[in-house]
S.K.: 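Got a structure here, written out as structure tokens. Questions coming.
Atoms within a ligand are numbered from 1 in the order they appear, just like the ligands themselves. In this text the structure is predicted, and so the values were computed from the model without any measurement.
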Amino acid sequence: MTNHFYDHLFAPHAANGSCFLKRDDAPSLSYAEFVEMAARIAHVLRDNGIEPGDRIVVQAPKTVEMVALYAATIQAGGVFLPLNTGYKRDEVEYFVTDAKPRVLVCDPSAVVALSDIAATVGATVLTLDAGGKGSLTDGLADQARTFETVSRGPDDLAALLYTSGTTGRSKGAMLTHENLLSNAQALTDLWKITKADTLIHALPIFHTHGLFVALNTSLCAGACVHFMASFSVDAILEALPHSTMLMGVPTFYTRLLADDRLTRGLAANMRLFVSGSAPLLADTHVEFTTRTGHHILERYGMTETNMNTSNPFDGERRPGTVGKPLSSVELRLTNSETGDIVEDGEIGMIEVRGPNVFKGYWQMPEKTAEELRENGFFITGDLGQISADGYLSIVGRSKDLIITGGYNVYPKEIEDVLNDISSIEESAVFGIPDADFGEAIIAALVVEPGAAADLEEIAGAVTTKLARFKHPRRYEIIDALPRNAMGKVQKNVLREELSQG
Ligand code: MCA
Ligand code: AMP
């Protein structure tokens, strides 16, 4: 039986005794131990009825067992669907109802809240806590150490990752075995990752960056992963002298720079710092080089495409740019109205094509058709400009999106919650520059005539429905939303007026 992704990424490590997941609070896990753990979990999945193509939704703390569940899902022929641990019940309900998983894995504390949601789609609930314990892993010792890998081809689904929609519901990006494998191989080659590397892993594992970019490349190379449960400046500074790579969002780098203990000497053993998921300010890049001697390597990707471009490993890593297309990726800039390719040097919509580009949105053929051209080019919604020597800069977005600390937030989702509050007539949510998170969320509110807005009540309503990172940091009551002649809310005007304060 062949399983395209499993056979290349996981199976080769079955007898590999070197370190895969190194932990500070528990023994390290070798590659061989990891493969065995995954096989045992694959048995649990099959005992719970997993068939090829079934979705497994996971909203659980970051543990090595969760990484093994990812591998187990692939080995059992399933489709891995991780969810941000910060999502509230209403948010999870949408994903579960849409994806209809066979199994839902959650923290034991969430069972009461999520069981009825799981029941509506006939999913079995299993648990996994921050210590790797729960009904998913309780009986692992009794399971067989090997599992007969389920056959899956390059075009079969390996993962379903949701990205929010600018105007409507979240969309599940269908990622195939080949999407994940090709990108992992391309990045491993480009960034020269080898089994001699130790990667500091402080990202969450429910998004592309921490799950695919960081873990798949490490698996590809057989590198060691220093697996941290969450981001901590102290822990990273302590790990730097024993590590060679770090992958992070820009907030990682600004927080590290804010600590005087970050020095050239401390980073002397490191060979690569990677940044992505949000724009890295050129100032941050330059300050990091001055302090440590290292040029942060910035790359650009999306949930739908994995990574598209990267600054070079050898050669100039140019601040404020995201580098050049990966070798297997075609990139072009088009006119958003006509779809024509723009003149050299002009700003255009970034479109990409290659083995990294997803298969489409889960059960949303119209959305897929809107963003994925018949010729295979995916319309990213990001606006770019290419320098004469081929470096891409992201100069804006055609999508109404805020990126806060590397998390994407679509204002529409917050506006919908705010507009449902009886005292609010209408609202506009937008981002303003923030030194820590890159952008901070602000909500401008127009109150219903004659009504009084109780900001505490409003914040309370938002808290119940939305994950913490989506909460506006400030609410501003204004008389009316500024609109252009077409009636479109001018968020840039609001941003200018309300950026200070
Ligand atoms: C935490 N909070 C946030 C964020 N993170 N608020 C806004 N934006 C955030 N990103 C909340 C906390 O709940 C807390 O609320 C308060 O803000 C301050 O928390 P703090 O302790 O400072 O946060 P933290 O726990 O240290 O987290 C910051 C973080 C984290 C380490 C930057 O957000 C993070 O790991 N971000 C990475 C996201 C990521 O992996 N993105 C990749 C997406 P309270 O005060 O109420 O307690 S993949 C992707 O984008 C594409 C494909 C790509 O190219 O990679
Ligand atoms: P996601 O929804 O998590 O797939 O986020 C993808 C979006 O993050 C892209 O469409 C970009 O807008 C943004 N992004 C990712 N990497 C970078 C980067 N290096 N610089 C600027 N924006 C980025």
S.K.: Which residue and atom name correspond to the protein heavy atom nearest atom 2 (O) of ligand 2, and how close is it?
M.R.: Asn408 ND2, 2.4 Å
S.K.: Which atoms from ligand 1 have a heavy atom of Gly301 less than 4.0 Å away?
M.R.: 54 (O)
S.K.: Does Glu91 pair with Arg89 as a salt bridge, N-O distance under 4.0 Å?
M.R.: no
S.K.: Would you mind running through ligand 1 and noting each atom that sits below 4.0 Å from a heavy atom of Met302?
M.R.: 52 (C)
S.K.: Within the 4.0 Å heavy-atom shell around Phe231, which atoms of ligand 1 are there?
M.R.: 31 (C)
S.K.: With a 4.0 Å cut-off on N to O distance, would you call Lys399 and Asp382 a salt bridge?
M.R.: yes
S.K.: Looking only at protein heavy atoms, identify the closest one to atom 13 (C) of ligand 2 and say how far it is in Å.
M.R.: Ile403 CD1, 3.5 Å
S.K.: If you define the side chain from C-beta out and look only at heavy atoms, does anything of Arg373 sit under 4.5 Å from Ile379?
M.R.: yes
S.K.: For ligand 2, which atoms sit closer than 4.0 Å to a heavy atom of Ile394?
M.R.: 20 (N), 21 (C), 22 (N)
S.K.: Return the closest protein heavy atom for atom 27 (O) of ligand 1 as residue, atom name and distance.
M.R.: Arg255 NH1, 4.3 Å
S.K.: Hey, is ligand 2 close enough to Ser277 that some N/O pair sits below 3.5 Å?
M.R.: yes
S.K.: Verify the ring-centre separation between His295 and Phe288: is it less than 6.0 angstrom?
M.R.: no
S.K.: Closest non-hydrogen protein atom to atom 12 (C) of ligand 1, residue and atom name please, with distance?
M.R.: Arg468 CG, 4.0 Å
S.K.: Can you sort out which atoms of ligand 2 are near Arg397, meaning under 4.0 Å from one of its heavy atoms?
M.R.: 12 (O)
S.K.: Identify, by atom number and element, the atoms of ligand 1 in contact range of Phe469, meaning under 4.0 Å from any of its heavy atoms.
M.R.: 3 (C), 4 (C), 6 (N), 7 (C), 8 (N), 9 (C)
S.K.: Does Gly210 have a heavy atom less than 4.0 Å from any atom of ligand 1?
M.R.: no
S.K.: Write out the residue and atom name of the closest protein heavy atom to atom 2 (N) of ligand 1, then the distance separating them to 0.1 Å.
M.R.: Phe437 CZ, 3.9 Å
S.K.: Counting from 1, what ligand 1 atoms have a heavy atom of Thr303 closer than 4.0 Å?
M.R.: 52 (C)
S.K.: Taking only non-hydrogen atoms of Lys399, do any sit less than 4.0 angstrom from ligand 2?
M.R.: yes
S.K.: Return the closest protein heavy atom for atom 10 (O) of ligand 2 as residue, atom name and distance.
M.R.: Asp382 OD2, 2.5 Å
S.K.: Checking a contact table here: which protein heavy atom is nearest atom 21 (C) of ligand 2, and how many Å away?
M.R.: Pro279 N, 3.4 Å
S.K.: Answer yes or no: is there a donor N or O on one side and an acceptor on the other, between the side chain of Glu439 and the main chain of Ile432, under 3.5 Å?
M.R.: no
S.K.: To which protein heavy atom is atom 6 (N) of ligand 1 closest, and what is the distance rounded to 0.1 Å?
M.R.: Arg473 NH2, 2.8 Å
S.K.: Can you find an N or O of Phe252 that's nearer than 3.5 Å to an N or O of ligand 1?
M.R.: no
S.K.: Should the pair Arg332 and Phe377 be classed as cation-pi, given the thresholds of under 6.0 Å to the six-membered ring centre and 45° from the axis?
M.R.: yes
S.K.: Any idea which protein heavy atom is nearest atom 15 (C) of ligand 2, and the distance to it?
M.R.: Gly301 O, 3.4 Å
S.K.: Give the atom numbers and elements of ligand 1 that come within less than 4.0 Å of a heavy atom of Leu203.
M.R.: 40 (O)
S.K.: Where is the nearest protein heavy atom to atom 49 (C) of ligand 1: which residue, which atom, and how far?
M.R.: Ser277 OG, 3.6 Å
S.K.: Aromatic contact between Phe20 and Phe227, with the criterion being ring centroids under 6.0 Å apart: yes or no?
M.R.: no
S.K.: Less than 4.0 Å from atom 25 (O) of ligand 1, is there any heavy atom belonging to the protein?
M.R.: no
S.K.: Taking Asn311 for the side chain and Arg318 for the main chain, is one N or O donor matched with an acceptor at less than 3.5 Å?
M.R.: yes
S.K.: For atom 17 (C) of ligand 2, what's the nearest protein heavy-atom neighbour? Residue, atom name and distance, please.
M.R.: Ala278 N, 3.7 Å
S.K.: If the threshold is 4.0 Å, N to carboxylate O, is there a salt bridge linking Asp197 and Arg271?
M.R.: yes
S.K.: Around atom 8 (N) of ligand 1, find the nearest protein heavy atom and jot down its residue, atom name and distance.
M.R.: Thr404 OG1, 2.6 Å
S.K.: Do NZ/NE/NH1/NH2 and the carboxylate oxygens of Lys470 and Glu413 come within less than 4.0 Å?
M.R.: yes
S.K.: Looking only at distances, please establish whether an N/O atom of ligand 2 is found under 3.5 Å from an N/O atom of Thr380.
M.R.: no
S.K.: Protein non-hydrogen atoms only, distance under 4.0 Å: does atom 42 (C) of ligand 1 have such a neighbour?
M.R.: yes
S.K.: With respect to Asp400, which candidate in Lys491, Lys412, Lys488 satisfies the salt bridge (Lys or Arg N to Asp or Glu O under 4.0 Å) definition?
M.R.: Lys491
S.K.: Judged on heavy-atom distance to atom 39 (C) of ligand 1, which of Gly406, Gly438, Gly248 sits nearest?
M.R.: Gly406
S.K.: Geometry only, no angles: is Arg299 polar-contacting ligand 2 at N/O separations under 3.5 Å?
M.R.: yes
S.K.: Taking 4.0 angstrom as the limit and counting only heavy atoms of Glu298, give me the atoms of ligand 2 inside it, by number and element.
M.R.: 18 (C), 19 (N), 20 (N)
S.K.: Among protein heavy atoms, which lies nearest atom 37 (C) of ligand 1, and at what distance?
M.R.: Gly405 O, 3.4 Å
S.K.: Using 4.0 Å as the upper bound for N to carboxylate O, is an ion pair formed by Glu366 and Lys171?
M.R.: no
S.K.: Look at the side chain of Lys88 and the backbone N and O of Thr463, then say whether any donor-acceptor pair between them is shorter than 3.5 Å.
M.R.: yes
S.K.: Does atom 33 (O) of ligand 1 have a protein heavy-atom neighbour under 4.0 Å away?
M.R.: yes
S.K.: Specify the protein heavy atom at minimum distance from atom 54 (O) of ligand 1: its residue, its atom name, and the distance to 0.1 Å.
M.R.: Arg299 NH1, 2.9 Å
S.K.: Would Phe10 and Phe5 count as a close aromatic pair, with their ring centres under 6.0 Å?
M.R.: yes
S.K.: Less than 4.0 Å between atom 19 (O) of ligand 1 and some protein heavy atom, yes or no?
M.R.: no
S.K.: So, Arg55 side chain and Ala99 main chain: donor-acceptor pair closer than 3.5 Å or not?
M.R.: yes
S.K.: Looking only at heavy atoms, is any part of Met307 under 4.0 Å from ligand 2, and if so is it the side chain, the backbone, or both, or is it neither?
M.R.: neither
